[in-house]
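A short write-up of the structure that comes next.
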Amino acid sequence: MAFGSIDCLPQFANVDLQDLVENNLGSIKFLTPTLQQFMNIYTASSMDSYRQQQGNQKDLSKIVFLKKQLSLKKENNK
């Protein structure tokens, strides 16, 4: 997944930067989106005209996968 800048995520995909998950790998710290945030990012990306012209089947298959994962997570939290 790629996007212009982390700073564009709130406006681009309705992702609150404060909700990104901080991870540590040794002395390296990095942020990753939650499942719902990934869903927001891929949904927003799939609407991009360039990606639509290039055939965004990869985005759409990831969206289907994420929907399934979110549904499973919701069922497990009942």
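Summarising the local packing, CG of N14 is surrounded by 12 or fewer heavy atoms from other residues, nucleotides or ligands at distances under 6.0 Å. Within 6.0 Å of CD in Q11 there are 12 or fewer heavy atoms belonging to other residues, nucleotides or ligands.
Summarising the geometry of A13 relative to N40, their closest heavy-atom pair is O-CB, 3.1 Å, with the distance given to 0.1 Å. Between Q37 and D16, the shortest heavy-atom contact is NE2-O, 3.4 Å.
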ask   = When you look at D19 and T34, which way does the side chain to side chain contact (heavy atoms under 4.5 Å, CB included) test go after all the steps?
value = CA-CA 8 Å; D19 294 335; T34 63; 5.7 Å; no
task = Please lay out, stage by stage, how I63 and T43 fare under the test side chain to side chain contact (heavy atoms under 4.5 Å, CB included).
result = CA-CA 7 Å; I63 290 169; T43 300; 4.1 Å; yes
key: From CA spacing to verdict: side chain to side chain contact (heavy atoms under 4.5 Å, CB included), I6, L20   = CA-CA 10 Å; I6 194 170; L20 293 170; 3.7 Å; yes
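In this structure, CD on Q36 lies 9.0 Å from NZ on K73, to the nearest 0.5 angstrom. To the nearest 0.5 angstrom, M39 atom CE is 11.0 Å from Q69 atom CD.
In this structure, the side chains of P33 and I41 come closer than 4.5 Å at one or more pairs of heavy atoms.
Hydrophobic clustering, with ILVMFWY side chains joined whenever heavy atoms are under 4.5 angstrom apart, keeps Y42 apart from L72. No single ILVMFWY cluster, assembled from side-chain heavy atoms under 4.5 Å apart, contains both V64 and F38. Hydrophobic cluster membership is shared by L31 and L17, with clusters built from Ile, Leu, Val, Met, Phe, Trp and Tyr side chains linked at under 4.5 angstrom.
Judged by distance alone, the side chain of N24 and the main-chain N or O of G26 form no donor-acceptor pair under 3.5 Å.
In the model, N23 has a side-chain atom that pairs as donor or acceptor with a side-chain atom of T32 under 3.5 Å.
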